[in-house]
Amino acid sequence: MDTAGGTDLLVVDELTKSYDGVQALRGANLVVKRGEIHALLGENGAGKSTLIKSLAGAVKPDSGTITFEGEGVEFGSRADSMSRGISVIFQHANLVPQLTVAENVVLGNEQRLFGYLRDGRQRQATNEVLARLGMSIDLNRTAASLSAGERQLVEIARALLQQTKLLILDEPTASLGTEEVEHLHRVLLELRDSGIGIIYVSHRLEEVLSVSDRLTVLRDGRTVGTKSAAGTSTADVIQLMIGRDASHVFRKTSDAREEIALRVRDLTTPSGLQGVSFDLHAGEILGVYGLLGSGRTELARAIYGADPIDGGMIETPTAPTGRKRNPYRAARAGIGLVPEERTTQAMFPLLSITDNMSSGKPWLSTKWGVIRNRQRRHLVEEMAGRVRLKAASTGQSIAALSGGNQQKVILGRWMLGGSSLLILDDPTVGVDIGAKEEIYRLISELTADGTAVLLLSSELPEVLGLSDRVIVLFHGAVAATYTSNDISEQALLRAAHGEAA
Amino acid sequence: MTSLESVADDTVPAQRSPMRAGLGIWFARPTSKTLVMNIGILIVLSVWLSFATSQFTTSRNITNVLGQISFIGMSACLVTLVMIAGGLDLSIGSIIAVAGVTAAKFVADAHWPLGWAFLMGVLAGGVIGALNAFLIVGMKINPVITTLGTMYIGRGLANVVAGGSPVTGVPFSFNNLATSAVGPVPVPVAIFAVIALIMIFVERKTILGRWTIASGGNQEAARLSGIPINRTRVTLYILSGLAAGVAGILMNSRIATGDPNSGTGFEFDVIVAVVLGGTAITGGQGTIIGSIVGVLIVGVLNNGLNLLGVSTFYQNIVQGGVLIFAVGIDEVFRHTWRTILRRQRH
């Protein structure tokens with residue numbers, strides 16, 4: 001496709017951004033022309049979402065410049081960016097479910113006459129825009145009654161009504177069927193031809209390549225290449241996405257034993273797992289890799305008993321099976337979960353380090369329900385030393401710690417007294433490099449005494465470096481299994497993208 | 001900050017940086033500042049009342065105030081824990097009546113011995129507590145709605161059983177429980193002290209106390225760290241019903257009958273005291289000690305308004321204002337505390 005005629009709409013130059021010591025962007029560059037569809041690609045954590053948020057005005061970059069329509073801009077808020085003509089459509093549609101289509105489309109942009117909504121004219125405008133998108137929807141239906149694809153189009157309609165110049169779509173096809181994807185792509189091509197610039201973020205490489213004009217790949221917060229989409233294969237893109245030297249090896253020898261610590265068979269859940277089966281041996285680290293929405297977190301929660309299951313079997317030597325599974329029983333049976341969302345699912349922000357760490361296994365420091373304080377303090381301080389916690393005292397509130405140290409407290413919660421099975425769901429998310437290395441060291445030490453570790457992660461090097469074996473999830477099912485000898489990053493990433501290995 | 005590794009090695013206690021320790025005193029536990037302030041308010045209020053009125057410091061009045069404080073206090077100890085765990089119990093005022101009427105009926109109509117009749121009254125409170133627990137924990141109905149409902153159900157039941165007016169035919173000895181004393185201490189005050197001490201112990205030194213604070217502070221995290229949040233909440237609601245039952249038989253013993261209208265507005269006094277004492281309405285935060293100071297303030301304030309001859313209508317206005325003020329203060333502190341934490345981290 002020839003789009004050489006387009007002029008630069010957006011120029012992002014050397015953008016950097018760090019959150020609490022974690023460098024999310026280290027120099028991102030991106031040039032989007034008028035009338036082009038530009039794919040923005042990269043692994044999980046490569047910096048795509050931070051870059052999008054910077055453009056949307058939701059995040060303020062530390063350094064670097066954004067030039068929009070030839071003018072240097074700094075967005076203080078979402079409204080700022082919107083008023084310039086940038087619209088972001090996130091994966092999960094941002095419609096108010098109770099409002100009708102018409103109300104949603106004009107939301108925040110209502111035409112008023114002495115405070116009264118001018119309904120008629122708005123409806124007319126909405127109808128025109130929807131027609132342009134090839135969509136015929138009753139304007140009185142509520143957003144909640146729309147399909148995922150229709151909701152997306154309504155959002156695009158809203159953007160068009162606001163005279164958008166740059167449309168950013170974040171994983172727009174994640175929840176769409178094939179026909180809906182095709183329709184969306186037709187709409188995007190039409191919008192492109194009308195001169196709108198489009199940034200298209202997706203994990204579905206083939207889809208993205210088929211509709212884009214050019215693509216930019218981010219890796220570790222840096223732009224590693226911009227190419228024309230024509231003549232670029234998915235293999236080329238994956239090569240660009242990985243590209244790192246594979247020197248990040250955290251461990252070599254396996255502690256795996258004969259006995260099985262966890263046996264999962266045909267696990268099917270309402271949360272989206274479809275027939276997952278695998279074995280995990282004592283002392284083994286089993287990596288589970290998968291993209292957003294592949295079922296990683298759902299697997300962790302199902303095994304721990306936090307979510308119900310439809311069918312299949314989860315068997316551990318100590319915990320009950322079937323309907324009797326729940327987190328309380330799992331914890332009693334020596335199973336621990338470090339959840340994905342630390343602040344909302346693991347921490348008690350108002351309580352001390354001691355309380356936070358001792359909450360998982362209270363029986364270690366109680367007798368007849370009465371807390372034996374000295375013993376508890378002793379246990380916690382010993383563990384704080386082992387995980388190298390950096391804190392003023394164990395009486396300190398956990399909320400005042402850095403992300404990495406908070407995670408060490410949560411890890412220590414399950415290391416107290418030892419666990420037979422540890423489920424770690426993205427254990428280093430939002431953790432700075434130093435603490436990351438220490439968490440890796442802890443994980444590899446854990447297996448020496450026979451603890452089985454299920455390491456679910458969105459970070460490729462983490463899975464590759466620590467695991468004895470790796471399974472890859474795709475759409476709630478196991479797409480591939482690898483042993484540590486025959487893993488390649490390319491194969492793993494391909495399997496995670498749903499391509500046959 | 002020093003690393004904890006050094007703490008584990010030797011016996012020297014952890015070094016706190018001076019700034020963090022200083023802020024910690026005031027902000028690490030927002031309730032401690034509330035506590036200090038409340039004790040101040042209590043002292044000022046009491047001193048002022050002892051000058052402004054002639055009766056405040058008479059022994060008769062003090063006994064009266066202590067009685068009121070005891071009833072509110074024994075219930076407040078448990079309601080504090082219920083609220084820390086993220087719940088609420090509005091049914092306690094009606095439990096007062098249910099417990100009193102039940103005990104009186106067992107004595108007057110069934111001619112049970114007094115001790116057993118009182119026990120039945122307390123258990124009736126426990127039954128309503130169990131009903132609350134079943135609806136809130138088992139059926140997952142909102143605690144405000146549930147206990148508002150059981151508050152009306154309880155009041156209605158008490159009136160049905162009693163026949164719409166205080167139970168008659170109660171022996172004179174029914175009155176002895178509330179009016180006798182253990183040494184110099186009136187029985188209600190002694191019972192309150194025992195309940196308070198036990199509950200403070202439970203709150204601070206037992207795993208139930210930790211579970212209570214944890215499940216109110218972050219319910220999902222509590223569940224995922226293996227805390228039996230349902231069992232915790234069920235226990236607390238039943239205990240709250242039992243405590244209100246004890247308060248109920250004592251209040252009705254004092255008026256020597258089973259009055260279906262006793263305890264009207266009781267839940268308001270208790271909740272004002274708990275909130276004034278620094279318990280967060282959103283749960284996760286609060287202390288029984290704080291609530292007890294709150295109870296003292298409410299008791300002294302109510303008594304003072306009576307002694308000053310303020311009409312009931314104006315009293316209601318003041319009491320409502322105090323409740324809103326207490327919640328407002330709570331919000332302001334929470335905000336300040338968050339801001340400070342944020343600043344510390346960056």
Is a side-chain N or O of B:Arg223 found less than 3.5 angstrom from the main chain of A:Ala306, in a donor-acceptor match? yes

Report yes if the side chains of [X] and [Y] come closer than 4.5 Å at any heavy-atom pair, otherwise no.
X: A:Pro362; Y: B:Arg210; result: no
X: B:Ser225; Y: A:Trp414; result: yes
X: B:Phe201; Y: A:Val370; result: yes

Contact part of A:Asn373 toward chain B, heavy-atom cut-off under 4.5 Å: side chain, backbone, both or neither? side chain

Is A:Arg376 in contact with chain B via its backbone, its side chain, both, or neither, using a 4.5 Å heavy-atom distance? side chain

Against chain A, work out which of B:Gly217, B:Ala214, B:Gly209 has the most heavy-atom pairs shorter than 4.5 Å and name it. B:Ala214

Over all atoms of both residues, closest heavy-atom pair of A:Phe348 and B:Ile227: CZ-CD1, 4.1 Å

How close do B:Leu224 and A:Tyr304 get, heavy atom to heavy atom, and via which atoms? O-OH, 2.7 Å

Considering residues, nucleotides and ligands other than A:Arg441, do more than 12 of their heavy atoms fall under 6.0 Å from its CZ? yes

Max heavy-atom pair count under 4.5 Å with chain B, selected residue of A:His378, A:Arg301, A:Arg372, A:Lys361: A:Arg301

Under a 4.5 Å heavy-atom cutoff, which of A:Asn356, A:Thr366, A:Ile371, A:Ile410 has the most pairs with chain B? A:Ile371

Could you pull out all residues at least two apart from A:Lys60 that satisfy salt bridge (Lys or Arg N to Asp or Glu O under 4.0 Å)? A:Glu74

I need the contact set between residues 330-347 of chain A and chain B: heavy-atom distance under 4.5 Å, sorted by residue number. A:Ala331, A:Arg332, A:Leu337, A:Pro339, A:Thr343, A:Thr344, A:Gln345, A:Ala346, A:Met347

Gap separating the CD1 atom of B:Ile207 from the CH2 atom of A:Trp363, nearest 0.5 angstrom: 10.0 Å

